[in-house]
Novice: 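My questions all concern the structure below.
The structure displayed is predicted, hence computed values, not measured ones. Just so you know, ligand 1 is whichever comes first in the structure, and atom 1 is the first atom listed for that ligand.
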Amino acid sequence: MSRLVMKFGGTSMADLERIRRVAGLVAAEAANRRVAVVVSAMAGKTNELVAWTDGAGEAAGNLGPSDEEYDAVVASGEQVTAGLLAMILRNLGVPARSWLGWQVPIFTDSAHGRARIDDIPAANLIGALDAGEVAVIAGFQGVTRGGRLATLGRGGSDTTAVAIAAALKAESCDIYTDVDGVYTADPRIEAKARRLAKVSYEEMLEMASLGAKVLHSRSVEMAMAHGVLVRVLSSFVEPGGAPGPGTIVCDEEEILEKRIVSGVAFSRDEAKISLFGLPDHPGVSSEIFGRLADANVNVDMIVQSHARSEGAANMEFTVGRRDAARAVEIVKSAQSAIGFEEVAVDEEVAKVSVIGVGMRSHAGVAKTMFGALAEKGVNIQVISTSEIKISVLIDAAYTELAVRALHAAYGLDQP
Ligand code: ASP
Ligand code: MG
């Protein structure tokens, strides 16, 4: 019998009524397949738990997401939903049991708060599945070799699901969420956005890391590495109904429909830092970005330009908004070593990106993007590109306008 992994996010598990609906979907699949289910905590629960640790951390000095006890607290939300779903399944007459990370076991490294799964010995799980029992697995958590609970970073249940699917050699990893698939743009911003029937791993990875919130980017990375077929489906179906076709995330070769751009993504979680009056000589960039890297600040887009005065340069780069204050502090504290005159930070920026594997073999993709933005009077502050995406940094006030303009410019609203 084939194996299937089903994963349900926080909004699908938000209360008992929804968990019952989830149980219905699980029971339908369990009738003719071996099913492992991965669950998130109830919507909002993890935020609440994180807030508790913030309070306790302050009292205790400086504990935070890298702490073992942070993980002990924030992993608890998934224990509750796993247990509840297993109970409801049993009440429906479907044999089921809950599995916590350490019981599977899902082994991780010891980077608490952002641990990586490194091994899942699946023999026990397979034994239970073969005995006809649905395995309800708590997402987001694992166990270190030292026997401590570890969590995978916010949104990490998707990664649990893909890792379990890889370990079980499951036919598919079905990620049930509150949208019925991956769209060409956020439908809340662009009403003409369309569901993609298929999207490649690489495109999905770019979309996830460029702001589309459907899947955790690490889960896509893992699916790509292990060739796990992922489907994104809606859990919001009529009682007794079946989910729609959703979006399949798969190898590029399996996608017959050829398009140049597959989607437009955006992120407002950006801040731009500008350094003015830098000395224009070798070693300056290394000085700046070395310090930021040492402090674990992720830098995304970078541009350097000549200043008007001879021998001077300006540098602009972006970091996550959460890291902005810290990044400014770091460069300021090294002002004399780096040798700049002034630093400024702008948090009112957004990154808008177009993504598509078709870009590799087509010219003129950037021209279309810049033309569409110019026509709407949207000024581009920074540009960055990869083989399959172009991102621009713009004034955050124009985010919606830019997303819609680009969506139309690449014909994504046409069926
Ligand atoms: N409950 C965790 C979070 O909110 C993990 C997840 O839902 O994926 O981040
Ligand atoms: Mg999620």
Side-chain angles (χ1 to χ4, degrees), residues 5-15 18-19 22 36-54 64-67 70-85 98-101 104 106 108 111-117 136-143 149-165 173-183 186 188 204-205 207-223 228 230-236 246-247 249 265 267 269 320 322:
V5 173
M6 305 171 82
K7 183 261 169 180
F8 294 91
T11 46
S12 310
M13 300 296 289
D15 52 41
R18 292 195 189 171
I19 300 177
V22 164
V37 186
V38 173
V39 295
S40 286
M42 292 182 185
K45 192 64 191 175
T46 311
N47 289 343
E48 190 188 317
L49 295 167
V50 169
W52 282 110
T53 67
D54 285 346
S66 59
D67 185 72
Y70 166 92
D71 280 345
V73 176
V74 301
S76 63
E78 276 76 8
Q79 176 165 349
V80 175
T81 46
L84 289 173
L85 177 57
S98 62
W99 294 79
L100 298 180
V104 174
I106 297 171
T108 71
H112 287 278
R114 55 188 165 84
R116 282 181 177 269
I117 295 174
V136 185
I137 301 163
F140 180 51
Q141 56 170 269
V143 63
L149 266 173
T151 62
L152 310 180
R154 298 305 307 273
S157 293
D158 293 340
T159 304
T160 307
V162 172
I164 292 285
C173 179
D174 292 353
I175 308 271
Y176 284 82
T177 175
D178 49 3
V179 291
D180 66 347
V182 179
Y183 277 71
D186 186 334
R188 284 166 301 188
M204 193 65 237
L205 194 54
M207 288 182 192
S209 45
L210 293 172
K213 300 227 161 54
V214 210
L215 288 176
H216 195 223
S217 52
R218 208 183 267 178
S219 72
V220 185
E221 235 168 65
M222 188 177 285
V228 173
V230 174
R231 295 200 298 164
V232 177
L233 302 167
S234 170
S235 68
F236 291 78
T247 296
V249 190
S267 158
D269 186 31
R322 259 166 292 120

Novice: Lys7 to ligand 1: N or O pair under 3.5 Å?
Specialist: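 No, Lys7 has no N/O under 3.5 Å of an N/O on ligand 1.
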Novice: For atom 8 (O) of ligand 1, which candidate among Ser157, Gly10, Ala161 holds the nearest heavy atom?
Specialist: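 Minimum heavy-atom distance to atom 8 (O) of ligand 1 goes to Ser157.
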Novice: Rounded to the nearest 0.5 Å, what separates atom NE2 in His112 from atom CG in Asp71?
Specialist: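 It comes to 6.0 Å.
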Novice: Do Arg154 and ligand 1 have an N or O pair less than 3.5 Å apart?
Specialist: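 In this structure, Arg154 places an N or O atom under 3.5 Å from an N or O of ligand 1.
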Novice: Specify side chain, backbone, both or neither for Glu78, according to which of its non-hydrogen atoms lie closer than 4.0 Å to ligand 1.
Specialist: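 The answer is the side chain of Glu78.
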Novice: If the contact criterion is a heavy-atom separation under 4.0 Å, does Lys45 count as touching ligand 1?
Specialist: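 It does not, in that no heavy atom of Lys45 comes within the 4.0 Å cut-off of ligand 1.
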Novice: Looking only at distances, please establish whether an N/O atom of ligand 1 is found under 3.5 Å from an N/O atom of Gly153.
Specialist: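 For ligand 1, there is no N or O atom that lies under 3.5 Å from one belonging to Gly153.
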Novice: What atoms of ligand 1 come closer than 4.0 angstrom to any heavy atom of Ser40?
Specialist: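 Ligand 1 atoms under the 4.0 Å threshold to Ser40: 6 (C), 7 (O), 8 (O).
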Novice: What distance separates Thr11 OG1 from Met13 CE, expressed to the nearest 0.5 Å?
Specialist: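 Going from the OG1 atom of Thr11 to the CE atom of Met13 covers 10.5 Å.
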Novice: With a 4.0 Å cut-off on heavy atoms, is Gly9 in contact with ligand 1?
Specialist: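 For ligand 1, residue contact (heavy atoms, under 4.0 Å) with Gly9 is absent.
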Novice: For Glu221, is there an ion pair with Arg218 - N to carboxylate O distance below 4.0 angstrom?
Specialist: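 Between Glu221 and Arg218 there is no salt bridge, as every charged N stays at least 4.0 Å from the carboxylate O atoms.
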Novice: How long is the span from the CG atom in Leu100 to the CD1 atom in Ile137, to the nearest 0.5 Å?
Specialist: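 Those atoms lie 10.5 Å apart.
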Novice: Please check this pair: side chain of Thr81 against backbone of Ser40, looking for a donor-acceptor N/O pair closer than 3.5 Å.
Specialist: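 A pair under 3.5 Å: yes.
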Novice: Rounded to the nearest 0.5 Å, how far does SG of Cys173 lie from NZ of Lys7?
Specialist: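 It comes to 9.0 Å.
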